[in-house]
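Numbers here simply count residues along the sequence, with the first being 1.
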Amino acid sequence: MAQKQKSLVQRLDAEIANIGDHFTQLVSVSRVNDPPVRNTQDSFQMEVRAAKMTQAAYSLLKLVSELKQTAMFSGFASLNENVERRTAVFNQEAETTERMLERIGEQAAASLKELESHYYSSVMRTVQNEE
């Protein structure tokens with residue numbers, strides 16, 4: 001993904017330089033008060049340069065759109081990666097909690113069994129039942 005972004009940034013720099021070059025040439029060609037033949041040639045050159053600048057601007061707009069999509073998708077990729085990592089951590093914590101609850105349940109069952117055993121064998125219980 002980084003290679004694609006680098007390539008897009010290089011294309012962006014090239015398109016901006018292209019627009020700047022065509023604009024510079026357009027300004028240098030635009031003279032006033034030259035002979036009529038020269039004005040026609042310059043006019044044609046100006047139209048060509050303006051068309052190339054327009055084409056470069058459209059290309060630049062397309063490139064900006066690609067950069068936005070790349071940034072958005074790379075953002076989603078890192079977001080998805082973060083969500084997956086957090087999900088794995090939460091799943092691990094859930095398993096740990098379940099094991100802990102199972103141990104607590106087993107200990108509670110063992111303690112209850114022991115307490116029942118003491119209660120049923122208690123002298124106090126037999127004395128209360130006889131009264």
Side-chain angles (χ1 to χ4, degrees):
M1 191 61 96
Q3 181 64 26
K4 182 176 181 179
Q5 286 178 341
K6 186 177 178 181
S7 168
L8 290 174
V9 169
Q10 287 173 345
R11 284 178 43 203
L12 180 70
D13 290 339
E15 290 298 333
I16 290 172
N18 193 10
I19 289 174
D21 290 342
H22 288 302
F23 182 74
T24 302
Q25 291 173 0
L26 181 69
V27 169
S28 70
V29 169
S30 59
R31 292 188 199 100
V32 185
N33 298 329
D34 275 347
V37 172
R38 180 96 171 128
N39 278 342
T40 306
Q41 290 173 344
D42 289 344
S43 174
F44 178 71
Q45 252 188 343
M46 287 173 46
E47 287 178 20
V48 169
R49 297 295 176 194
K52 286 185 177 185
M53 279 182 60
T54 305
Q55 182 181 15
Y58 282 130
S59 178
L60 189 60
L61 286 173
K62 183 180 176 190
L63 192 57
V64 167
S65 176
E66 286 181 48
L67 282 169
K68 285 180 182 179
Q69 287 177 353
T70 301
M72 186 172 58
F73 290 138
S74 68
F76 283 142
S78 65
L79 183 63
N80 286 339
E81 187 178 298
N82 189 25
V83 167
E84 288 174 6
R85 193 174 346 107
R86 297 280 299 190
T87 301
V89 168
F90 288 141
N91 286 339
Q92 191 175 28
E93 287 181 10
E95 289 175 11
T96 304
T97 304
E98 285 180 25
R99 284 193 301 265
M100 187 186 319
L101 287 174
E102 286 175 9
R103 281 196 312 268
I104 291 172
E106 290 169 0
Q107 290 173 352
S111 296
L112 183 60
K113 190 173 185 179
E114 186 180 336
L115 287 173
E116 284 178 345
S117 171
H118 284 293
Y119 174 74
Y120 289 121
S121 65
S122 167
V123 176
M124 295 302 278
R125 182 182 170 275
T126 55
V127 171
Q128 287 176 353
N129 285 342
E130 291 176 3
E131 293 178 355

Any chance you could measure [X], atom [atom1], to [Y], atom [atom2], to the nearest 0.5 Å?
X: Leu61; Y: Glu15; atom1: CG; atom2: CD; answer: 10.5 Å
X: Ile19; Y: Thr24; atom1: CD1; atom2: OG1; answer: 11.5 Å
X: Glu106; Y: Leu101; atom1: CD; atom2: CG; answer: 11.0 Å
X: Lys52; Y: Asp21; atom1: NZ; atom2: CG; answer: 11.0 Å
X: Gln10; Y: Leu63; atom1: CD; atom2: CG; answer: 11.0 Å
X: Gln107; Y: Leu112; atom1: CD; atom2: CG; answer: 13.5 Å

- prompt: Under 3.5 Å, side chain of Thr87 to main-chain N/O of Val83, donor-acceptor pair present?
  reply: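 A pair under 3.5 Å: yes.
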field: Check: Lys113 main-chain N/O paired with Ser117 side-chain donor or acceptor under 3.5 Å
entry: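 Not confirmed, Ser117 side chain does not pair with Lys113 backbone.
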- prompt: Got a sec: does the CD of Glu116 have more than 12 other heavy atoms crowding it under 6.0 Å?
  reply: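 Check passes, neighbour count above 12.
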field: More than 12 heavy atoms of other groups within 6.0 Å of Gln69 CD
entry: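 Buried by this count: over 12 neighbours within 6.0 Å.
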- prompt: Between Ala56 and Asn18, what is the shortest heavy-atom contact and its length?
  reply: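 Taking Ala56 first and Asn18 second, the nearest heavy atoms are CB-ND2, 4.0 Å.
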- request: Give the intermediate values and the outcome of side-chain contact (heavy atoms from CB on, under 4.5 Å) for residues Phe90 and Glu93.
  value: CA-CA 5 Å; Phe90 288 141; Glu93 287 181 10; 4.1 Å; yes
